[in-house]
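Worksheet: the structure to be examined is printed underneath.
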Amino acid sequence: MKNGKLQVAVIGCGGIANQKHFPALKSQEDKCDIVAFCDTLKERAEKAAEEFGAEGAKVYEDYKQLLQDPEIDVVHVCTPNVAHCPITVAAFEAGKHVLCEKPMAASTEDAQKMMDAWKKSGKQFTIGYQNRFRTDAQALKRACVEGKLGEVYFAKAHAVRRRAVPTWGVFPDKSKQGGGPLIDIGTHALDITLWCMDNYKPVSVMGSVFEKLGHLPEATEGNMFGPWDPETYEVEDSAFGFVKMENGATIFLESAWALNVKDSREAATTLCGTKAGAEMVGGMSQEGYDLVFNETTGGILTEEHISDTGAIAFFEGANGGNDATKECKQWLEAILNNTESLVKPEQAFVVTQILDAIYKSAAEGKEIKLN
Ligand SMILES: NC(=O)c1ccc[n+]([C@@H]2O[C@H](COP(=O)([O-])OP(=O)(O)OC[C@H]3O[C@@H](n4cnc5c(N)ncnc54)[C@H](O)[C@@H]3O)[C@@H](O)[C@H]2O)c1
């Protein structure tokens with residue numbers, strides 16, 4: 001802490017750091033300073049330090065050197081997935097609070113190491129599931145807590161893009177990311193679904209993983225981010241999971257970067273309960289959002305649409321900023337006030353456990369049992 005403010009370091013200064021973390025941290029200047037930047041590509045860290053850094057901000061190529069600085073209180077881990085575990089574990093060992101980008105890790109084993117290091121450290125830990133801070137997600141969670149849906153026994157987690165294979169960074173590189181759309185965007189949809197159901201006890205998982213379009217040159221046409229390189233594409237292009245929970249509730253998870261469907265829907269959920277159902281029709285891939293409650297009112301089947309409250313650019317208004325700003329504010333306040341962050345590590349761990357089991361089930365051609 002310096003002048004009552006948390007001293008924050010960001011490791012990995014690529015896409016998500018620039019689009020989400022730096023602007024969000026800058027919006028919380030009353031609570032923090034960004035004092036250290038690290039990237040194996042040094043020029044990225046230098047550029048970020050110039051644009052977003054506090055006076056005298058330091059630049060590193062090696063995260064181990066950065067972690068030796070006792071002035072740093074908080075570390076944001078924004079590297080490719082496989083690097084989440086070693087960096088997070090080292091940060092806890094160095095006595096820092098950690099916000100790690102989603103997913104928690106590329107495997108359950110790595111996630112377990114992170115959980116163990118966190119518990120030993122006594123520090124705060126959260127994962128970057130900013131979709132929970134969207135207005136529709138907050139409204140749906142509240143409806144679930146208040147019992148509007150009754151018992152939720154079936155859900156669908158939606159993470160389907162028709163053609164939006166990422167073409168920057170290392171997304172199609174299996175050794176750096178651990179997988180494709182399932183681990184990349186399936187993770188957000190599953191997180192929202194489990195959180196709304198408040199059900200973190202999976203018992204079995206069946207999965208199917210497809211590598212059908214990623215290697216086809218003709219499939220790259222019409223990709224939102226421009227054509228990808230089918231020669232270097234190493235991960236799945238779609239994956240599906242069927243998850244059974246201890247109380248019998250069932251979740252179907254669909255994920256794709258490329259799939260021959262009509263509509264895209266991402267970071268969204270459909271929940272079916274004994275009293276009512278709810279569906280996020282929009283989600284992360286849409287402008288605004290549309291949240292629908294399906295129920296019976298006065299003896300007829302009804303659809304209740306919750307509309308966007310709207311926003312005016314650069315004016316936070318009643319909404320209190322975008323999801324990234326809200327996530328950052330809640331996280332910093334949790335550290336400063338010693339309260340819990342909204343995204344709890346135990347919850348993010350179960351998301352990684354299920355995603356890992358879907359890959360395993362597909363590889364082994366059988367159902368995977370979870371404890
Ligand atoms: N929350 C979200 O919605 C969201 C969206 C996109 C990405 N992400 C996550 O953010 C992470 C990064 O994704 P991205 O799109 O920013 O990728 P990116 O490739 O644009 O950026 C990653 C950066 O990390 C650097 N890096 C790699 N290994 C490093 C190391 N050992 N030490 C320091 N720097 C290192 C790279 O040079 C690169 O600049 C991924 O885990 C991804 O899943 C989250």
Task: Steps toward side-chain contact (heavy atoms from CB on, under 4.5 Å) verdict (Arg161, Met224) - done: CA-CA 10 Å; Arg161 297 176 179 171; Met224 182 188 263; over 6 Å; no
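- Cluster membership check: Val235 does not share its hydrophobic cluster with Val170, using side-chain heavy-atom separations under 4.5 Å among Ile, Leu, Val, Met, Phe, Trp and Tyr.
- With contacts defined as side-chain heavy-atom distances shorter than 4.5 Å, the pair Pro202/Val350 qualifies.
- Not counting sequence neighbours, the partners of His21 by the ring-ring contact (aromatic ring centres under 6.0 Å, His included) test are His76.
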TODO: May I have the step-by-step check of side-chain contact (heavy atoms from CB on, under 4.5 Å) for Thr108 and Phe349, ending in yes or no?
DONE: CA-CA 8 Å; Thr108 308; Phe349 176 82; 3.9 Å; yes
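- Annotation for Met114 and Ala105: closest pair SD-CB, 3.7 Å, computed over non-hydrogen atoms.
- Within a 6.0 Å sphere centred on CD of Glu50, other residues, nucleotides and ligands contribute 12 heavy atoms or fewer.
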If you look only at distance, which donor and acceptor atoms sit under 3.5 Å apart when one is on a side chain in residues 41-48 and the other is two or more places apart or in another chain?
none

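- Atom SG of Cys85 and atom CE of Met115 lie 12.5 Å apart (nearest 0.5 Å).
- Looking at Gln330 and Arg132, their side chains never bring a donor and an acceptor atom within 3.5 Å of each other.
- With hydrogens and angles disregarded, no donor-acceptor distance shorter than 3.5 Å links the side chain of Lys102 to the backbone of His188.
- The structure places CD of Gln347 at 10.0 Å from CE of Met104, a figure rounded to the nearest 0.5 Å.
- The CG atom of Leu370 sits 9.0 Å away from the CG atom of Asp356 when rounded to the nearest 0.5 Å.
- Thr79 places no side-chain N or O within 3.5 Å of a backbone atom of Gly12 that could act as its donor or acceptor partner.
- The salt bridge (Lys or Arg N to Asp or Glu O under 4.0 Å) search around Lys120 returns none, not counting sequence neighbours.
- A heavy-atom distance below 4.5 Å is not found between the side chains of Asn81 and Lys176.
- Within the structure, ring pair (Phe, Tyr, Trp, His ring centres under 6.0 Å) pairs that include any residue of residues 241-271 do not occur (at least two apart or interchain).
- Looking only at side-chain heavy atoms (C-beta outward), Lys31 and Lys329 come within less than 4.5 Å of each other.
- Judged as a salt bridge (Lys or Arg N to Asp or Glu O under 4.0 Å), and not counting sequence neighbours, the contacts of Asp69 are Lys58.
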Task: Test salt bridge (Lys or Arg N to Asp or Glu O under 4.0 Å) applied to Glu254 and Lys156, step by step - done: CA-CA 8 Å; Glu254 54 176 16; Lys156 291 193 239 178; over 6 Å; no
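- In this structure, Val82 is not a member of the same hydrophobic cluster as Tyr63, with clusters built from ILVMFWY side-chain heavy atoms closer than 4.5 Å.
- Note on Ile192 and Leu342: same hydrophobic cluster, where clusters join Ile, Leu, Val, Met, Phe, Trp and Tyr whose side-chain heavy atoms are under 4.5 Å apart, directly or indirectly.
- Using modelled atom types, one side-chain atom of Trp118 and one backbone atom of Lys123 make a donor-acceptor pair closer than 3.5 Å.
- Between Lys64 and Asp62 there is no salt bridge, since none of the side-chain N atoms of the basic residue sits less than 4.0 Å from a carboxylate O of the acidic one.
- By the salt bridge (Lys or Arg N to Asp or Glu O under 4.0 Å) test, Lys5 pairs with Asp33, sequence neighbours left out.
- Summarising the hydrophobic clusters (Ile, Leu, Val, Met, Phe, Trp, Tyr; side-chain heavy atoms under 4.5 Å, direct or chained), the residues clustered with Leu336 are Met1, Leu6, Val8, Val10, Phe22, Leu25, Ile34, Phe37, Phe52, Val74, Leu99, Trp331, Leu332, Ile335.
- Residues Gly226 and Thr167 come closest through the heavy atom pair O-CG2, 3.5 Å.
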Check: residues 203-212 side-chain donor-acceptor pairs under 3.5 Å, at least two apart:
unit_1	atom_1	unit_2	atom_2	d
Ser204	OG	Glu367	OE2	3.3

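- With Asn223 contributing its side chain and Val165 its backbone, the two residues share a donor-acceptor pair below 3.5 Å.
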Open item on the list: Does Glu146 form a salt bridge (Lys or Arg N to Asp or Glu O under 4.0 Å) with Lys148? I'd like the steps, not just the answer.
Closed with: CA-CA 6 Å; Glu146 289 172 353; Lys148 184 176 168 75; over 6 Å; no
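- Each of Val59 and Val77 belongs to its own hydrophobic cluster when Ile, Leu, Val, Met, Phe, Trp and Tyr are linked at side-chain heavy-atom distances under 4.5 angstrom.
- The hydrophobic cluster containing Val351 also contains Phe133, counting ILVMFWY residues as joined when their side-chain heavy atoms lie under 4.5 angstrom apart, directly or transitively.
- Every side chain to side chain contact (heavy atoms under 4.5 Å, CB included) that Ala36 has, sequence neighbours left out, goes to Ala9, Tyr60, Leu66, Ile72.
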TODO: Using the side-chain contact (heavy atoms from CB on, under 4.5 Å) rule, take Leu301 and Asn294 through it: C-alpha gap first, then chi angles, then the decisive distance, then the call.
DONE: CA-CA 7 Å; Leu301 303 182; Asn294 306 306; over 6 Å; no
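- Put simply, the side chain of Ser264 gets close to the backbone of Arg162: a donor and an acceptor are under 3.5 Å apart.
- Side-chain atoms of Arg265 and Thr270, non-hydrogen and from C-beta on, do get closer than 4.5 Å to each other.
- Between the side chains of His97 and Asp73, no donor-acceptor pair of N or O atoms lies under 3.5 Å.
- Although no hydrogens or angles enter the test, the distance criterion places a donor-acceptor pair under 3.5 Å between the side chain of Thr302 and the main chain of Glu295.
- Distance alone, capped at 3.5 Å, places no donor-acceptor pair between the Thr193 side chain and the Thr269 backbone.
- Counting only heavy atoms from C-beta outward, the side chains of Lys20 and Glu327 approach each other to under 4.5 Å.
- For Ala249, the side chain to side chain contact (heavy atoms under 4.5 Å, CB included) test picks out Met197, Asn199, Met245, Asn247, with sequence neighbours left out.
- Lys26 meets the salt bridge (Lys or Arg N to Asp or Glu O under 4.0 Å) test with Glu29; sequence neighbours excluded.
- Other residues sharing the hydrophobic cluster of Val145, ordered by chain and number and joined by side-chain separations under 4.5 Å: none, the residue standing alone.
- Panel note: side chain Arg163, backbone Pro227; no donor-acceptor pair is recorded below 3.5 Å.
- Judged by distance alone, with hydrogens and angles left aside, the side-chain atoms of Trp228 form a donor-acceptor pair with the main-chain N or O of Gly214 at under 3.5 Å.
- To the nearest 0.5 Å, the span separating OG1 on Thr220 from NE2 on His215 amounts to 13.0 Å.
- With values rounded to the nearest 0.5 angstrom, Glu61 atom CD is found 8.0 Å from Thr40 atom OG1.
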Open item on the list: Quick one, Glu71 with Val35, criterion side-chain contact (heavy atoms from CB on, under 4.5 Å). Give me CA distance, side-chain angles, the key distance, then yes/no.
Closed with: CA-CA 9 Å; Glu71 299 243 300; Val35 294; over 6 Å; no
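- Summarising the geometry, atom SG belonging to Cys144 is positioned 4.5 Å from atom CG belonging to Leu149; distances are rounded to the nearest 0.5 Å.
- A salt bridge between Glu364 and Lys366 is present, with a side-chain N of the basic residue lying under 4.0 Å from a carboxylate O of the acidic one.
- Counting heavy atoms from C-beta on, the side chains of Thr135 and Leu291 never come closer than 4.5 Å.
- Ring geometry for Phe92 versus Phe125: interplanar angle over 60°, hence perpendicular rather than tilted (30 to 60°).
- Under a 3.5 Å cut-off, the side chain of Glu266 and the backbone N or O of Ser255 do not form any donor-acceptor pair.
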